[in-house]
Chemist: 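Before I ask anything, here is the structure I am working with.
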Amino acid sequence: MAGTTRLAWRNLGRNRRRTLITATGLVLGTMLCVATYGLMDGMLLSMVDALTRFELGHMQAHHPRYLERRTLELTLPSAERLAVGLEKDAQVIAAAPRVHGFALASKGRTSRGVQLLGIDPAKERKVTALHEQLKEGAFVEDAPTPWPAGRKLNARELAKDRELTDNAEKRVLDELDGLEGLDDAKPAKRTKAPSGAPPSALSKLDAGDLRRESLKLAASLSPPPKRPPRVVIGRSLARTLRAKVGDTLFWVGSAINGGSAEVTVRVHGVLATGTEAYDRRAYLHIRDLQRFIRLDEGRVHELALRLRDSAQAKRVAARLRRELDADVTCASELSDHRCSGALLQSWDEIRPDMRAMIDISRASSMVMVIIVLFIAVLGVVNTMLMAVFERTRELGVLKAIGMKAGRILRLIIVETVLLAFVAAVIGTALGLALDLVLMQVGIDLTGLTSTSMAGIAIDPVLRAAITAEGLLVPAAVLVVGSLFASLYPAIRAARLRPAVGMRDL
Amino acid sequence: MAMFLGFRPLMLAMILCAGVLDAAPAHARRSVLELVRKADLVARSKTSAAVFEMQIKARSYQRKLKVVFWDDQRDAEREKTLLKILGPALWRGYGTLKLGSQLKLYNPRNNHVTVVGQSLLGDAWMGSHFTNDDLVKETRLARHYRSKLLKTWTAKGGAADATHYRIALYPKPNAPVSWGRIDYVLWERGDVVMPVKASYFRKAADERPRREMSFSAVKKLGGRLMPAIMTVTMPKKPGEYTKLIYRKVKFDVKIPSSKFTEQALRR
């Protein structure tokens, strides 16, 4: 075998120019494939990064039905205990609790539906990079807004409340009775409608006083915060509402008890992740959002986790599911409320669409590599056929003096694969060098294309990423491809009859 | 692609339904539509004013709200509706004002008016199972839906000797409605048409309705026969309901246009 290899190597050196031209084609092909692979991986990584760094984290835990229904009531059972348990794991960096909500945010006459994300800033910093995306102002403050708790009304207040309602109802009923019909020609007699009830203390009060009395009761039940909660809003939201840092917004939302919830908030910061969905959100302290939607302290919708190694997310999720024995069971298909356990999922289990997109992109890079290298390999077939024709006489002589057909077959195959192998090594090395340059410099696509894919922001400056797959696949495809490509010239050479070969000049 | 797949059952149902509709004789079609139109008008008039109580029972809360309702539909381009909550304390003074396609929500505790578009018509009103649309009466079944008679029968009992109809309603192609199908039961006796029950389905082919509204306690209110109680239930949320009980209703009364202003909303 060693002899064959040496012979093959020498044969390649016999027509240096031709070998060089063929090899250059292969080197360039491999290099470009490696570089394109690198850029594609870079783009996918940047997308995964945007997805996991600005929202998902690497793993999340929810109430088993939360992601389907997204209703406020479906909070994680015993979230605090779960978070502590998860953070004990060596792979888990942090588990950040979150509350989701919705409000209609308005400033002046403009209003806009807004997703609210309640976060614990200290924990959130360890899981996502939202705080690094701040464009103006400051991030969500570590301490929640002072917000006194409400209390139940006492008997006297309840009686007063009933009286206020009755009074209002009576006034309205009287007003209805006093209305004239649309077709009435002459006004009906404006007799003060007799009210059956004896005059109460309230009837002496004017509208303003009644209103103040009512608001006092409402404030005991559900007091307003001591100051407007400070919120951070996404840039798109800021743009639609024309809100700047320091402005106040008015939020109308729905509380968990079905009531409507309102609060005036102050814009404390504006952030931009580049992903439209995240930049339309508002971020605030988890306690503030819990107060706003009247969710008890400790009840959260989501835990977002950051892992030491993101590539392990799926495996870690599966392991933690086993270890924590977080059995997910729902007693009934109908009721969402009799579920136990928490649903732990890695980011790509939560967003299978993203996973699929990555897999499809990878597969399409592979197809591209195969096409480019197939063309390059066709050149190799041509070169080797030329070489075999040129050496017909020589091969005839070799056969005549007793060289076996198998050895000639091997010789040609080794010649081809050797050529491809050397080209692959040089091409991969050059591709790696190009990747390294593209990692530093990047290709600025700003203005050329949109900067998001499937709604997820990608860095407009395309940078390469180096992966084992990206480096090895083009070289492997080239070497294996050449092996197959060499078969035809090699078989032709091996089949050559000595007499015919020698006659040929 | 996924979008097309999602719509396929709906489209199929619509095509099927169109075929059936065409098969029915024209006069039958018109009279079914006429029934629906009459039922639409049961609690509707040029103007109306009412006081009602709303009993809300949900899984985690229950409450009773007293509400006053003002409505002026004389200008078809700019229908006006005002709802104000009279009590209890936590909700007193909250108001909803509809002017044409605009909705305004008033919050007395912050003395703030939020202006929203029609997109919120389908949202729940004040934590009840009624939507804004149910209460401001934006949608008219006869205008926005095509109807198909499913079944006719004569019932004894409550509405004795009345002819009952079960009618399937399918949205017209460009109707701004969110339901794929409504099954509507109503009865007719002489001139009187009364709704009994409406079942709302997300998609035309669905088997289980998303919500059901039933009409009961038919009696004379404001000089005409109408159901005094409307109850909304959600099959997916057993035990939950919202009941709307009319206390007093006035039809075709002079309501000053100042009722339907932001000042009145804030008052």
Side-chain angles (χ1 to χ4, degrees), chain A residues 73 104-106 108-113 150 153 157-158 160-173 175-184 187 207 210-211 213-222 224 250-252 254-260 262-264 334-337, chain B residues 45-47 49-51 53 56 58-68 70 74 84-94 105 107-117 119-120 123-129 222-223 235-238 247-256 267:
Chain A
E73 289 178 22
L104 200 67
S106 63
R109 310 299 280 183
T110 355
S111 71
R112 179 74 183 251
L153 297 184
E157 288 167 322
L158 278 173
K160 181 181 247 174
D161 186 24
R162 263 195 302 277
E163 210 177 337
L164 282 167
T165 306
D166 292 346
N167 185 278
E169 190 180 10
K170 201 172 73 60
R171 276 172 194 233
V172 172
L173 287 173
E175 191 181 353
L176 253 57
D177 278 333
L179 288 170
E180 301 163 21
L182 273 180
D183 306 322
D184 288 0
L210 290 175
R211 187 193 180 97
E213 288 290 331
S214 174
L215 289 178
K216 224 192 285 172
L217 293 176
S220 316
L221 281 162
S222 166
F250 186 69
W251 285 1
V252 183
S254 47
I256 188 160
N257 65 5
S260 91
E262 298 84 7
V263 70
T264 305
L334 252 179
S335 170
D336 301 327
H337 301 290
Chain B
S45 216
K46 287 181 212 151
T47 67
V51 173
E53 183 178 301
I56 307 168
R59 203 184 78 88
S60 50
Y61 56 92
Q62 66 181 85
R63 74 175 68 100
K64 278 181 195 168
L65 301 177
K66 290 269 176 67
V67 184
V68 60
W70 304 92
R74 281 174 296 178
K84 280 218 90 163
I85 300 183
L86 304 173
L90 212 41
W91 295 276
R92 189 176 296 119
Y94 277 88
L105 313 173
N107 167 243
R109 302 181 57 196
N110 294 276
N111 192 22
H112 191 275
V113 172
T114 305
V115 184
V116 301
S119 54
L120 259 78
D123 284 18
W125 186 77
M126 299 305 289
S128 73
H129 299 89
K236 271 202 170 172
K237 296 176 179 168
R247 292 285 175 236
K248 190 178 204 82
V249 185
K250 288 272 188 175
F251 289 110
D252 300 326
V253 283
K254 282 183 187 153
I255 302 174
R267 204 173 296 140

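Keep in mind that what you see is a predicted model, and the values were worked out from it rather than measured. Numbered from 1 within each chain, the chains take letters A, B, ... in sequence-line order.
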Chemist: Who are the side-chain hydrogen bond (donor to acceptor under 3.5 Å, both in side chains) partners of B/Arg63, not counting sequence neighbours?
Modeler: none
Chemist: Evaluate the side-chain proximity of B/Leu86 to A/Val172: yes if any heavy-atom separation is below 4.5 Å, no if none is.
Modeler: yes
Chemist: With only heavy atoms counted, which part of B/Ala49 is less than 4.5 Å from chain A, the side chain, the backbone, both or neither?
Modeler: both
Chemist: Relative to chain A, which of B/Lys66, B/Lys84, B/Lys46, B/Gln62 shows the most heavy atom pairs under 4.5 Å?
Modeler: B/Lys66
Chemist: Quick one: pull up OG1 in A/Thr264 and CG in B/Asn110 and give me the separation to the nearest 0.5 Å.
Modeler: 4.5 Å
Chemist: Rounded to the nearest 0.5 Å, how far apart are CZ of A/Phe250 and CG of B/Leu105?
Modeler: 9.5 Å
Chemist: Ignoring hydrogens, what is the shortest heavy-atom contact between A/Thr165 and B/Gly87? Give both atom names and the distance.
Modeler: OG1-CA, 3.5 Å
Chemist: Give, as side chain, backbone, both or neither, the part of A/Leu215 having an atom under 4.5 angstrom from any heavy atom of chain B.
Modeler: side chain
Chemist: Among A/Leu217, A/Leu173, A/Val263, who wins on heavy-atom pairs under 4.5 Å with chain B?
Modeler: A/Leu173
Chemist: Please determine whether side-chain contact (heavy atoms from CB on, under 4.5 Å) holds for the pair B/His112 and A/Val252, giving the CA-CA distance in whole Å, both sets of side-chain angles, and the decisive distance to 0.1 Å.
Modeler: CA-CA 10 Å; B/His112 191 275; A/Val252 183; 5.7 Å; no
Chemist: Could you state the interatomic distance from CZ (B/Arg59) to CD1 (A/Ile256), rounded to the nearest 0.5 Å?
Modeler: 8.5 Å
Chemist: What part of B/Arg267 lies closer than 4.5 angstrom to a heavy atom of chain A: side chain, backbone, both or neither?
Modeler: backbone
Chemist: Indicate the atoms forming the closest heavy-atom contact of A/Ala219 with B/Arg109, along with that distance.
Modeler: CA-NH2, 4.0 Å
Chemist: So for A/Glu175, is it side chain, backbone, both, or neither that comes closer than 4.5 Å to the heavy atoms of chain B?
Modeler: side chain
Chemist: With a 4.5 angstrom heavy-atom cut-off, which part of B/Phe251 approaches chain A: side chain, backbone, both or neither?
Modeler: neither
Chemist: Identify the heavy atoms of B/Ala89 and A/Ala218 that sit nearest to each other, and give their distance.
Modeler: O-CB, 3.7 Å
Chemist: Tell me every residue that passes side-chain hydrogen bond (donor to acceptor under 3.5 Å, both in side chains) with B/Trp70, counting only those two or more places apart in sequence or in another chain.
Modeler: none
Chemist: Looking at A/Glu73 and B/Ser60, what are the two nearest heavy atoms and their distance?
Modeler: OE2-OG, 3.6 Å
Chemist: Is chain A contacted by the side chain of B/Ala50, its backbone, both, or neither, given a heavy-atom distance below 4.5 Å?
Modeler: backbone
Chemist: Let me know if B/Lys248 has heavy atoms under 4.5 Å from chain A in its side chain, its backbone, both or neither.
Modeler: both
Chemist: Chain B heavy atoms under 4.5 Å from A/Ser214: which part of the residue, side chain, backbone, both or neither?
Modeler: both
Chemist: When you check the side-chain N and O atoms of A/Glu262 and B/Asn107, is any donor under 3.5 Å from an acceptor?
Modeler: yes
Chemist: When rounded to the nearest 0.5 angstrom, what distance separates NZ in B/Lys250 from CG in A/Leu182?
Modeler: 12.0 Å
Chemist: Hey, could you give me the CD/CG distance between A/Glu180 and B/Asp252, rounded to the nearest 0.5 Å?
Modeler: 14.0 Å
Chemist: Which atoms of A/Arg112 come close to chain B, meaning under 4.5 Å heavy atom to heavy atom: side chain ones, backbone ones, both, or neither?
Modeler: neither
Chemist: Any donor-acceptor pair under 3.5 Å linking the side chain of B/Arg92 with the backbone of A/Asp161?
Modeler: yes
Chemist: Just so I know, are the side chains of B/Asn111 and A/Arg211 near enough to count as touching, which here means a heavy-atom distance under 4.5 Å?
Modeler: yes
Chemist: When you look at B/Leu90 and A/Ser222, which way does the side-chain contact (heavy atoms from CB on, under 4.5 Å) test go after all the steps?
Modeler: CA-CA 8 Å; B/Leu90 212 41; A/Ser222 166; 3.9 Å; yes
Chemist: Look up atom CZ in B/Arg247 and atom CG in A/Leu176, then write down how far apart they are to the nearest 0.5 Å.
Modeler: 14.0 Å
